[in-house]
Amino acid sequence: MSLQQASVPKVAVAPLELEDAKEPPLNLYKPKAPYTATIVSVERLVGPKAPGEVCHIVIDHGGNVPYWEGQSYGVIPPGENPKKPGTPHNVRLYSIASTRYGDSFDGQTASLCVRRALYYDPETGKEDPSKSGVCSNFLCNAKSGDKVQITGPSGKIMLLPEDDPNATHIMIATGTGIAPFRGYLRRMFMESVPTYKFGGLAWLFLGVANSDSLLYDEEFKKYLKDYPDHFRYNTALSREQKNKSGGKMYVQDKIEEYSDEIFRLLDNGAHIYFCGLKGMMPGIQDTLRKVAELRGESWDEKLSQLKKNKQWHVEVY
């Protein structure tokens with residue numbers, strides 16, 4: 001660990017028994033018997049010029065629904081399922097945006113990063129409130145003290161591999177896909193975890209519409225200042241930046257810009273993660289294929305090798 005890294009004070013976390021489990025907790029609570037948690041706070045994350053609203057929601061689970069970084073919670077919104085009257089709504093999955101210790105570092109809470117789903121009439125262009133996303137609006141409208149039914153935790157694909165604390169982790173997110181990466185980065189750079197001292201490289205690419213849409217930007221800029229040898233941060237702002245051919249700048253354009261370095265890091269064992277809307281992956285895969293071909297490599301073979309080596313982690317929705 002560099003001297004400069006050792007000199008940045010980190011936050012003490014508890015209970016450290018959360019480090020003892022050898023396997024991640026899975027499905028402790030199921031849809032038929034969810035856990036009733038309590039909303040601690042709901043905070044708008046984006047500025048006034050962001051298209052749409054994203055909220056940071058802190059949920060108190062009382063230490064009863066432990067999880068690892070990269071897992072998801074299910075949320076069952078109140079009310080009846082309109083397609084099956086008399087039954088509850090289906091579970092909606094949300095990636096957890098905090099470490100296992102939560103935002104208060106005591107193992108009692110979990111945070112979600114939720115975009116309020118609104119629907120617009122294609123003919124009038126006006127918002128149709130009758131079709132707004134049931135769960136995202138419930139969460140974004142929630143008040144401190146409100147109850148929320150949660151299930152899980154679920155997921156193993158996005159768990160942070162910690163066997164090598166000096167590994168390289170390349171994280172690619174669009175919008176609220178930033179959630180698991182915020183958890184990883186807090187664990188790497190903010191928390192004092194005796195059993196995990198990160199000394200590798202974390203490289204984050206975040207794609208959003210504009211500067212007002214950047215999520216957790218202050219946290220990431222602080223890591224950049226405190227750990228310049230261990231953290232890199234690149235943003236793609238589709239409504240403010242242009243790519244090299246004059247079109248909108250998307251996250252895959254940033255990947256292309258740094259492709260030589262990314263491929264070299266992957267060849268040396270780096271992990272690469274993708275999280276966000278399903279629609280992000282075809283563009284990213286096309287870019288990676290194009291880059292591989294320019295390098296005289298077969299992308300299909302490379303991808304199959306990355307998957308075999310467990311370096312490839314994708315969670316899209």
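No experiment lies behind these values; they were computed from the predicted model shown.
- Between Asp217 and Lys221 the shortest heavy-atom distance is OD2-NZ, 2.7 Å.
- No hydrogens or angles considered: a donor-acceptor pair under 3.5 Å links the side chains of Asn137 and Arg116.
- Nearest heavy-atom pair across Pro24 and Gln71 is CB-NE2, 3.9 Å.
- For the residue pair Trp299/Gln285, the side-chain donor-acceptor check at 3.5 Å is satisfied.
- Side-chain contact of Thr195 with Glu19: a donor-acceptor pair under 3.5 Å is present, judged by distance alone.
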Between Phe105 and Arg186, is the side-chain contact (heavy atoms from CB on, under 4.5 Å) condition met? List the steps. CA-CA 10 Å; Phe105 310 107; Arg186 284 171 82 91; 3.5 Å; yes
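- No more than 12 heavy atoms of other residues, nucleotides or ligands sit less than 6.0 Å from atom CZ of Arg239.
- Taking 4.5 Å as the limit, every side-chain heavy atom of Ser144 sits out of range of all side-chain heavy atoms of Ser41.
- A salt bridge links Glu261 with Arg232; the closest basic N to acidic carboxylate O contact falls under 4.0 Å.
- In this structure the side chain of Tyr223 never reaches within 4.5 angstrom of the side chain of Met188, judged on heavy atoms.
- Annotation: Trp312 is not in aromatic contact with Tyr273 [ring centroid separation under 6.0 Å not met].
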Apply side chain to side chain donor-acceptor pair (under 3.5 Å) to residues Ser104 and Asp106 and explain how you reach the verdict. CA-CA 6 Å; Ser104 44; Asp106 59 4; 3.1 Å; yes
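- The cluster map of Ile, Leu, Val, Met, Phe, Trp and Tyr, joined by side-chain heavy atoms under 4.5 Å apart, puts Leu204 and Leu266 in different clusters.
- Checked by atom type, the side-chain pair Tyr29/Asn64 shows no donor-acceptor distance below 3.5 Å.
- The two residues Val65 and Pro153 come nearest to each other via the heavy atoms CG1-CD, 4.1 Å.
- Tyr258 and Met249 fall into different hydrophobic clusters, where Ile, Leu, Val, Met, Phe, Trp and Tyr are joined by side-chain heavy atoms under 4.5 Å apart, directly or via other members.
- Taking the charged nitrogens against the carboxylate oxygens, Asp103 and Arg182 do have a contact shorter than 4.0 Å, which makes a salt bridge.
- Between Lys10 and Glu191 no salt bridge is recorded (no basic side-chain N to carboxylate O distance below 4.0 Å).
- The closest side-chain donor-acceptor pair between Glu80 and Thr87, if any, does not fall under 3.5 angstrom.
- Checking side-chain atoms of His89 against main-chain N and O of Val134 turns up no donor-acceptor pair under 3.5 Å.
- Judged by distance alone, with hydrogens and angles left aside, the side-chain atoms of Asn210 form a donor-acceptor pair with the main-chain N or O of Lys49 at under 3.5 Å.
- Salt-bridge formation is not detected for the pair Asp286/Lys290: no Lys NZ or Arg NE/NH1/NH2 atom is positioned less than 4.0 Å from an Asp or Glu carboxylate oxygen.
- With rounding to the nearest 0.5 angstrom, the CD atom of Gln241 is 13.0 Å from the NZ atom of Lys248.
- Annotation: side chain to side chain donor-acceptor pair (under 3.5 Å) contacts of Glu69 (sequence neighbours excluded): Arg100.
- With a 4.5 Å cut-off on side-chain heavy atoms, Leu139 and Val148 count as touching.
- Side chains of Thr109 and Tyr101: a donor-acceptor N/O pair is absent below 3.5 angstrom, by distance only.
- When the side chains of ILVMFWY residues are joined at heavy-atom separations under 4.5 Å, either directly or via intervening members, Leu18 and Trp68 end up in two distinct hydrophobic clusters.
- By the 30° and 60° cut-offs, the orientation of the rings of Tyr73 relative to Tyr67 is perpendicular.
- A side-chain N or O of Gln149 and one of Thr36 form a donor-acceptor pair less than 3.5 Å apart.
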side-chain contact (heavy atoms from CB on, under 4.5 Å) evaluation trace for Lys302 with Asp267: CA-CA 9 Å; Lys302 191 169 195 72; Asp267 289 341; 2.5 Å; yes
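- Val291 and Leu306 fall within the same hydrophobic cluster, where Ile, Leu, Val, Met, Phe, Trp and Tyr residues are linked whenever their side-chain heavy atoms come under 4.5 Å apart, directly or through other members.
- To the nearest 0.5 Å, the span separating SG on Cys275 from CG on Leu206 amounts to 11.0 Å.
- Using a 4.5 Å heavy-atom threshold, the side chains of Phe231 and Phe220 count as touching.
- The two residues Met171 and Tyr184 come nearest to each other via the heavy atoms SD-CD1, 3.9 Å.
- Counting heavy atoms from C-beta on, the side chains of Ile59 and Ser111 never come closer than 4.5 Å.
- When all heavy atoms of Gly47 and Arg44 are compared, the closest pair comes out as O-NH2, 3.1 Å.
- No salt bridge links Lys244 with Glu257; every basic N to acidic carboxylate O contact stays at or beyond 4.0 Å.
- In this structure, Leu185 CG and Lys222 NZ are separated by 13.5 Å, a value rounded to the nearest 0.5 Å.
- Proximity of Cys140 to Val114: side-chain heavy atoms (C-beta onward) are separated by under 4.5 Å at one or more points.
- In this structure, Ile157 places its CD1 atom where only 12 or fewer heavy-atom neighbours from other residues, nucleotides or ligands lie under 6.0 Å away.
- Residues Asn268 and Thr168 fail the side-chain proximity criterion, which asks for heavy atoms closer than 4.5 Å.
- Between the side chain of Lys143 and the backbone N or O of Asn141, at least one donor-acceptor pair lies under 3.5 Å.
- Both Met280 and Phe205 are assigned to one and the same hydrophobic cluster, defined by single-linkage of ILVMFWY side chains at heavy-atom distances under 4.5 Å.
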In sequence, state the C-alpha distance, the side-chain angles, and the governing distance for Ile172 and Phe181, and then conclude on side-chain contact (heavy atoms from CB on, under 4.5 Å). CA-CA 9 Å; Ile172 295 153; Phe181 306 141; 5.7 Å; no
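- Using a cutoff of 4.0 Å between basic side-chain nitrogens and carboxylate oxygens, Glu53 and Arg115 are not scored as salt-bridged.
- Using a 4.5 Å cut-off on side-chain heavy atoms (C-beta onward), Ser72 and Tyr94 make no contact.
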Begin with the C-alpha distance, continue with both residues' side-chain angles, and end with the deciding distance and a verdict on side-chain contact (heavy atoms from CB on, under 4.5 Å) for Val46 and Leu215. CA-CA 7 Å; Val46 294; Leu215 304 169; 3.7 Å; yes
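- One distance of note links CD of Gln305 with CG of Leu303; it measures 10.5 Å at 0.5 Å rounding.
- Donor-acceptor pairing under 3.5 Å is recorded for the side chains of Tyr216 and His56.
- A donor-acceptor pair is defined here as one N or O able to donate and one able to accept, closer than 3.5 Å; such a pair exists between the side chain of Glu240 and the backbone of Ser211.
- Under a 4.0 Å N-O distance rule, the pair Asp260/Arg264 does not qualify as a salt bridge.
- Using modelled atom types and a 3.5 Å distance limit, the side chains of Tyr35 and His61 yield no donor-acceptor pair.
- Counted by atom type alone, Thr176 and Tyr317 present one or more donor-acceptor pairs between their side chains at under 3.5 Å.
- Between the side chain of Asn243 and the backbone N or O of Asp253, no donor-acceptor pair lies under 3.5 Å.
- Relative orientation of the Phe198 and His169 rings is tilted, given thresholds of 30° and 60° on the angle between their planes.
- To the nearest 0.5 angstrom, Lys254 atom NZ is 14.0 Å from Ile284 atom CD1.
- Contact record, Cys113 with Ile178: SG-CG2, 4.3 Å, taken as the closest heavy-atom pair.
- Asn309 and Gln311 share a side-chain donor-acceptor pair at under 3.5 Å.
- Note that the CG atom of Leu112 and the CD1 atom of Ile57 stand 6.0 Å from one another [nearest 0.5 Å].
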